[in-house]
Q: 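The structure's right below; bear with me while I get my questions together.
Please read these numbers as outputs of a predicted model, since none were measured by experiment. Side-chain atoms are counted along with the backbone in the values below, which use heavy atoms only and exclude waters and symmetry mates.
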Amino acid sequence: MEIHHSKHHAGYVKNLNDAIAEEPTLADKSLEDLMSAVSELREPLKSKVRNNGGGHYNHDLFWKSLKPGGSKPTGAFAEAVDKKFKSLEGLTDKMREAGSSQFGSGWSWLSLDGEELMVESTANQDNPLMEGRQVLTGIDVWEHAYYLKYQNRRGDYLQEILNVIDWEFVSARYDALG
């Protein structure tokens, strides 16, 4: 994970900063606002912000969503998970399925479409913000996230990474966004 953070994520940050330098009006926008409005940008800036801004946003949330030993959902989020997925295990099964079935590089997401919880996947560095949804957490399923330890065993990686999700952090995001 150290290489993942210090090389891949750092590269996205540098490249996003370089892209924003091309269009100074973007400097005042939050990362969430950039991702939500990426489709409105002109090329080639659009691709630079989509790929590098997405890479930065996605990874930043990914790191914040991890906690040694994981945790359990709390409060209204725990109730919403039970209502939609029947249990935390039902939710993690759906996230593992979304990550395993993602062709090539991408992400498995837990997001909000209005007030509805949904599990989805996106390619490359895209994320649900780009489609008008709110993001609760995401799992990186690019090979750089798991290949050194798991080689081509994405399913094993997903099983293990879901054990270290900080569901209390996700619960707080749900409360803030809901």
Q: Would you name the heavy atoms of A98 and S121 that are closest together and state the gap between them?
A: O-CB, 3.7 Å
Q: Does the side chain of I161 come within less than 4.5 Å of V164's, by heavy atoms?
A: yes
Q: Measuring only between side-chain heavy atoms, which start at C-beta, is E22 closer than 4.5 Å to K48?
A: yes
Q: Answer whether the closest heavy-atom distance between the side chains of R96 and Q159 falls below 4.5 Å.
A: yes
Q: Do you know which two heavy atoms are closest between A80 and Y174, and how far apart they sit?
A: CB-OH, 3.4 Å
Q: Side chains of Y12 and Q125: any donor to acceptor distance under 3.5 Å?
A: yes
Q: Among the clusters formed by ILVMFWY side chains lying less than 4.5 Å apart, do F85 and V170 turn up in the same one?
A: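 Yes, one cluster joins them.
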Q: Give a yes or no on this: more than 12 heavy atoms of other residues, nucleotides or ligands lie within 6.0 Å of atom NZ of K64.
A: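 Count not over threshold, so no.
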Q: Is there a side-chain contact between M35 and Y57 in this structure, where contact means two heavy atoms from C-beta onward sitting under 4.5 Å apart?
A: yes
Q: Under a single-linkage definition using a 4.5 Å side-chain heavy-atom cutoff for Ile, Leu, Val, Met, Phe, Trp and Tyr, are V13 and W107 assigned to the same hydrophobic cluster?
A: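 Hydrophobic grouping puts V13 apart from W107.
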Q: May I ask you to check whether over 12 heavy atoms, not counting those of K14, lie within 6.0 Å of atom NZ?
A: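 Open: at most 12 neighbouring heavy atoms sit under 6.0 Å from NZ of K14.
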Q: Evaluate side chain to side chain donor-acceptor pair (under 3.5 Å) for E97 paired with S101, printing each intermediate quantity in order.
A: CA-CA 6 Å; E97 179 183 312; S101 64; 5.9 Å; no
Q: L45 and L16: same hydrophobic cluster, using ILVMFWY side-chain contacts below 4.5 Å?
A: yes
Q: Just verifying a value: how many Å separate W63 CH2 and N58 CG, rounded to the nearest 0.5 Å?
A: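 Output value for this atom pair is 11.5 Å.
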Q: Any sub-3.5 Å donor-acceptor pair from T92's side-chain atoms to L162's backbone N or O?
A: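 No; zero donor-acceptor contacts below 3.5 Å.
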Q: If you define the side chain from C-beta out and look only at heavy atoms, does anything of S100 sit under 4.5 Å from L158?
A: yes
Q: In sequence, state the C-alpha distance, the side-chain angles, and the governing distance for K84 and E116, and then conclude on side-chain contact (heavy atoms from CB on, under 4.5 Å).
A: CA-CA 8 Å; K84 174 76 177 190; E116 183 78 17; 2.7 Å; yes
Q: Could you tell me if the side chain of W167 sits less than 4.5 Å from the side chain of K67, heavy atoms only?
A: no
Q: Quick one, I139 with I165, criterion side-chain contact (heavy atoms from CB on, under 4.5 Å). Give me CA distance, side-chain angles, the key distance, then yes/no.
A: CA-CA 9 Å; I139 304 296; I165 296 294; 3.4 Å; yes
Q: To the nearest 0.5 Å, tell me how far D93 CG sits from K86 NZ.
A: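 So the CG of D93 and the NZ of K86 are separated by 14.0 Å.
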Q: Please say yes or no: joined through hydrophobic side-chain contacts below 4.5 Å, possibly via intermediate residues, are L112 and F77 part of one cluster?
A: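 L112 clusters together with F77.
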Q: Indicate yes or no: at least one non-hydrogen side-chain atom of V135 is less than 4.5 angstrom from one of L110.
A: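 No, their side chains stay 4.5 Å or more apart.
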Q: For the OG atom of S111 and the CZ atom of R173, what is their distance to the nearest 0.5 Å?
A: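 Going from the OG atom of S111 to the CZ atom of R173 covers 11.0 Å.
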Q: Can you tell me if E43 uses its side chain to pair, donor with acceptor, with the backbone of S47 under 3.5 Å?
A: yes
Q: Roughly how far, to the nearest 0.5 Å, is CG of N15 from CG of N51?
A: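 It comes to 9.5 Å.
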Q: Any donor-acceptor pair under 3.5 Å linking the side chain of D60 with the backbone of H56?
A: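 No.
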Q: Got a salt bridge between K46 and E40, using NZ or NE/NH1/NH2 to carboxylate O under 4.0 Å?
A: no
Q: Do L26 and L31 sit in the same hydrophobic cluster, where Ile, Leu, Val, Met, Phe, Trp and Tyr count as joined when their side-chain heavy atoms come under 4.5 Å apart?
A: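 Yes, same cluster.
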Q: Are side-chain N/O atoms of D33 and S36 paired as donor and acceptor at under 3.5 Å?
A: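 Result is no, nothing qualifies.
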Q: Can you name the closest pair of heavy atoms from V81 and S87 and give their distance?
A: CG1-O, 3.6 Å
Q: Could you check whether any side-chain N or O of N127 sits under 3.5 Å from a backbone N or O of L129, counting only pairs where one atom can act as donor and the other as acceptor?
A: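 Yes: the side chain of N127 pairs with the backbone of L129.
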Q: I'd like to know whether CD of E89 has more than 12 heavy-atom contacts from other residues, nucleotides or ligands below 6.0 angstrom.
A: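 No, the 6.0 Å shell around CD holds no more than 12 heavy atoms from other groups.
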Q: Please determine, by modelled atom types, if S65 and D166 share a side-chain donor-acceptor pair under 3.5 angstrom.
A: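 The criterion, which ignores hydrogens and geometry beyond distance, is not satisfied for D166 and S65.
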Q: Identify the heavy atoms of P73 and S171 that sit nearest to each other, and give their distance.
A: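 Taking every non-hydrogen atom into account, CA-OG, 3.5 Å.
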Q: Strictly by modelled atom types, are W109 and T122 linked by a side-chain donor-acceptor pair under 3.5 Å?
A: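 Result is yes, a qualifying pair exists.
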Q: Rounded to the nearest 0.5 Å, how far apart are CD1 of I20 and CG of D18?
A: 10.0 Å
Q: When you look at T137 and F169, which way does the side-chain contact (heavy atoms from CB on, under 4.5 Å) test go after all the steps?
A: CA-CA 9 Å; T137 192; F169 169 81; 5.8 Å; no
Q: V141 versus S105: any side-chain heavy-atom pair under 4.5 Å?
A: no
Q: Calculate, to the nearest 0.5 Å, the distance between atoms NE2 and CG belonging to H59 and L61 respectively.
A: 11.0 Å
